[in-house]
Amino acid sequence: DRCSSQMALRGVRPSIGPALSVLRGHWPSYARSVAMRTSAAMTAPKDMDLGAYIDPSLRVAGCATGPLAGRTVAIKDLFDIQGQRTGFGNPRWRETHPPALANAVVIQQLLDAGASIVGRTNLDELAYSLNGENIHSGTPTNPAAPDRIPGGSSSGSAVACAAGHVDVALGSDTGGSVRTPASYCGVFGLRPSHGRISLVGARPLAPSFDTTGLFTRSATLLRDVASVLLIPQLDTSGNPIVRSTSSSCRWILPVEVWDLSLPGTAAAMAAALAGSVPNATVTSPSIGNAIEAAAAALGRDAVVMKILDNPALVAAGVDTLADWAEVFRVCQASEIWEALGGWVAENRAEAKFGPGIAERFIAAELITSQQRDDAIAKWTLIRDHVASILGSDGCFVFPTAPGAAPFLGTPGPELNDWRRRLLGGNAIAGLAQCPQVSIPLGSVSGGLPVGLSIVGRVGGDMDILDEAVTLCERLRPDLV
């Protein structure tokens with residue numbers, strides 16, 4: 001029995017329902033795994049839950065003690081809860097799949113650490129979008145910019161965290177589905193190194209790129225939760241590797257990623273790093289000037305570098321971030337069709353996929369084996385190239401997204417163009433399987449959030465989280 005003391009569901013936010021009465025008694029772990037539901041009155045009105053939830057009444061109490069005792073967590077509706085159906089963003093998926101036999105591993109880890117589950121959150125259909133707009137369950141309201149999209153696919157989790165409903169929200173990130181909404185909604189977002197947090201009991205999208213991600217409003221809480229969930233790294237003898245906490249990251253500002261940003265975004269990041277007032281009006285100097293200013297503010301001999309200026313990349317035809325995004329698109333789409341194509345083909349009519357989602361599945365189905373093999377060869381080259389630049393202590397620093405969230409109702413072609421721009425930056429950590437943390441450090445246009453990202457070496461998750469805490473201690477103590 002991993003949880004034998006008295007249990008109480010604590011920290012339930014008033015915005016998503018009245019407080020639960022104390023749960024008394026000794027609960028073995030198997031009983032704790034059963035979801036405890038409240039009456040219909042527990043469901044929050046739509047204007048209070050911001051459309052963030054598929055099921056706001058879901059409650060699973062965690063252990064009374066542990067490193068996360070008393071914390072509340074909302075979970076994206078692609079992680080299994082024992083006895084419940086996982087919806088994966090589409091009603092037809094929920095209808096055609098049985099209730100889960102067990103909790104997802106990451107859910108059980110959170111419960112065992114003392115956190116309690118408070119709500120199952122909305123997402124894009126089968127997690128195949130970066131927008132956060134779902135034709136079936138609606139678009140969660142971005143608390144930081146109600147007239148703009150929240151970002152996806154972990155839209156509901158980002159909104160639940162940003163609105164203060166929960167302390168932590170669980171998402172997934174394949175092509176940017178935690179990093180992008182974190183930037184749009186003004187919260188911290190972590191994409192870990194590939195494979196560092198368990199995906200057992202989570203629905204797959206593209207397994208070589210899928211990761212379990214996290215949202216918080218606090219840098220230290222993000223680090224604390226990650227320390228609970230990250231799978232320990234082992235040396236060749238099978239012993240845990242002891243981290244060195246004495247060294248600092250070697251800052252690298254990749255010119256090509258900064259060049260994807262709108263001028264106001266680059267200037268806002270430079271101003272934030274220099275310690276300017278976060279919501280101050282920011283002038284828009286050239287992006288080049290902004291990069292140099294950001295490097296000077298970071299200190300530690302930060303380097304401004306063209307990371308694509310490499311003969312091997314030129315020879316392979318992958319010397320622009322648009323090329324990297326295309327490599328990612330082909331590899332991802334090929335894996336998506338392998339993982340989900342059978343179900344999509346059988347249920348396409350009944351699933352009634354929304355705009356963008358339907359077209360992406362059609363494109364995924366058309367990827368040929370030759371296209372896949374060519375892309376995989378280029379992916380290997382890119383992954384090795386990034387690893388060689390980062391070495392053991394390098395960290396890329398750049399704006400998480402080119403700018404603030406697009407407006408609601410932005411035409412599809414414009415959103416697709418923006419998506420391609422987003423994927424240019426997102427593809428770096430995705431293809432290199434590196435950890436990336438987005439920090440809500442800047443803002444544009446009178447307060448719209450823009451995140452600053454740190455990308456570290458594979459396995460350097462705690463290193464970049466330490467750096468995030470240090471930056472916030474220096475520049476934004478309110479975010480620590």
**Request:** Check step by step if side chain to side chain contact (heavy atoms under 4.5 Å, CB included) holds for V397 and L452.
**Result:** CA-CA 7 Å; V397 182; L452 179 78; 3.7 Å; yes

task = Verify side chain to side chain contact (heavy atoms under 4.5 Å, CB included) between Q436 and V455, making sure each step is shown before the conclusion.
result = CA-CA 4 Å; Q436 180 173 343; V455 175; 3.6 Å; yes

- request: Applying side chain to side chain contact (heavy atoms under 4.5 Å, CB included), run through C395 and I464 and close with a yes or a no.
  value: CA-CA 8 Å; C395 289; I464 64 170; 4.1 Å; yes

Output, in order, the C-alpha distance, side-chain angles, deciding distance and verdict of side chain to side chain contact (heavy atoms under 4.5 Å, CB included) for F79 and T86.
CA-CA 7 Å; F79 293 97; T86 303; over 6 Å; no

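Between the side chain of W324 and the backbone N or O of V318, at least one donor-acceptor pair lies under 3.5 Å. With E256 contributing its side chain and T320 its backbone, the two residues share no donor-acceptor pair below 3.5 Å. A donor-acceptor pair is defined here as one N or O able to donate and one able to accept, closer than 3.5 Å; such a pair exists between the side chain of D124 and the backbone of G132. Side-chain atoms of E125 never come within 3.5 Å of backbone atoms of I357 as a donor-acceptor pair (strictly under, hydrogens ignored). Side chain of T141 to backbone of P146: no donor-acceptor contact under 3.5 angstrom is found. Formation of a donor-acceptor pair under 3.5 Å by the T180 side chain with backbone atoms of G176 is found in this model. Between the T212 side chain and the S198 main chain, a donor and an acceptor come within less than 3.5 Å of each other. Between the side chain of N426 and the backbone N or O of G175, at least one donor-acceptor pair lies under 3.5 Å. Without hydrogens or angle criteria, Q371 side chain to T368 main chain gives a donor-acceptor distance under 3.5 Å. A donor-acceptor pair under 3.5 Å is absent between the side-chain atoms of T211 and the main chain of G213, judged by distance alone.
A 4.5 Å side-chain heavy-atom check between L111 and V60 finds at least one atom pair inside the cut-off. You'll find the side chain of Q84 reaches within 4.5 Å of the side chain of R120, heavy atoms only. A heavy-atom distance below 4.5 Å is found between the side chains of V159 and P143. In this structure the side chain of R419 never reaches within 4.5 angstrom of the side chain of R329, judged on heavy atoms. A heavy-atom distance below 4.5 Å is found between the side chains of F188 and P440. Taking 4.5 Å as the limit, every side-chain heavy atom of K352 sits out of range of all side-chain heavy atoms of R92. Taking 4.5 Å as the limit, every side-chain heavy atom of L321 sits out of range of all side-chain heavy atoms of E326. Residues I135 and P355 have side chains in contact (heavy-atom distance under 4.5 Å, counting atoms from C-beta outward).
When the side chain to side chain contact (heavy atoms under 4.5 Å, CB included) test is applied to P232, no partner is found at least two apart in sequence or on another chain. For T410, there are no side-chain hydrogen bond (donor to acceptor under 3.5 Å, both in side chains) partners at least two apart in sequence or on another chain. By the side chain to side chain contact (heavy atoms under 4.5 Å, CB included) test, V228 is found to be paired with P67, L68, A113, residues two or more places apart in sequence or in another chain being considered. Under the ring-ring contact (aromatic ring centres under 6.0 Å, His included) criterion, W379 pairs with F209, sequence neighbours left out. Evaluation of the ring-ring contact (aromatic ring centres under 6.0 Å, His included) rule for Y128 yields F361 as partners, not counting sequence neighbours.
F88 CZ to D77 CG: the interatomic distance, rounded to the nearest 0.5 Å, is 9.5 Å. Within the model, atoms CG of L222 and CG of D167 stand 12.5 Å from one another, a figure rounded to the nearest 0.5 Å. Going from atom CE of M462 over to atom OG of S227 covers 5.0 Å, rounded to the nearest 0.5 Å. Taking CD from Q332 and CG from L205, the interatomic distance works out to 5.5 Å, rounded to the nearest 0.5 Å. With rounding to the nearest 0.5 Å, the separation of CG in L110 from SG in C63 is 11.0 Å. Here I54 contributes atom CD1 and I75 contributes atom CD1; the two are 11.5 Å apart, rounded to the nearest 0.5 Å.
For E338, the CD atom counts as loosely surrounded, since its 6.0 Å shell holds 12 or fewer non-hydrogen atoms of other residues, nucleotides or ligands. Residue L101 qualifies as open at atom CG: its count of foreign heavy atoms under 6.0 Å is 12 or below. The number of heavy-atom neighbours closer than 6.0 Å to CD of E346, taken from other residues, nucleotides and ligands shown, is 12 or below.
C185 and P150 get closest at one heavy-atom pair: SG-O, 3.5 Å. Annotation for I454 and A468: closest pair CD1-N, 4.2 Å, computed over non-hydrogen atoms. The two atoms that bring F398 and P254 nearest to each other are CD2-CG, 3.7 Å, heavy atoms only. Closest of all the heavy-atom pairs between H385 and I307 is NE2-O, 2.6 Å. A pairwise comparison of heavy atoms in P402 and R421 identifies CG-CG, 3.7 Å as the closest pair. Scanning all heavy atoms of the two residues, the minimum distance from C161 to V187 falls at SG-CG1, 4.1 Å.
At a cut-off of 3.5 Å, with distance as the only test, no side-chain donor of T400 or S183 sits close to an acceptor on the other residue. Under 3.5 Å, the side chains of T139 and E133 contain no donor-acceptor pair of N or O atoms. Side-chain contact annotation: S218 with T216, donor-acceptor N/O pair under 3.5 Å absent. Side-chain N/O atoms of T121 and S157 include a donor and acceptor closer than 3.5 Å. No hydrogens or angles considered: nothing links the side chains of N103 and Q82 as a donor-acceptor pair under 3.5 Å. Side-chain polar atoms of S153 and K76 form a donor-acceptor pair below 3.5 angstrom. Side-chain atoms of S155 and N122 form no donor-acceptor pair, as typed in the model, at a separation below 3.5 Å. Of the N and O atoms on the side chains of N142 and R148, not one donor lies less than 3.5 Å from an acceptor on the other residue.
Ionic pairing of K378 and D323 is not present here: no N-O contact between side-chain nitrogen and carboxylate oxygen is shorter than 4.0 angstrom. A salt bridge between D80 and R203 is present, with a side-chain N of the basic residue lying under 4.0 Å from a carboxylate O of the acidic one. Salt bridge R348/E365: present, at least one basic N to carboxylate O contact under 4.0 Å.
Within the structure, every pair that satisfies the side chain to side chain donor-acceptor pair (under 3.5 Å) test and touches residues 184-196, not counting sequence neighbours, is listed here: D173-R191, Y184-W418, S193-D461, R196-D461.
Between W93 and H97, the ring planes are parallel. Angles under 30° get that label, and only those over 60° would be called perpendicular.
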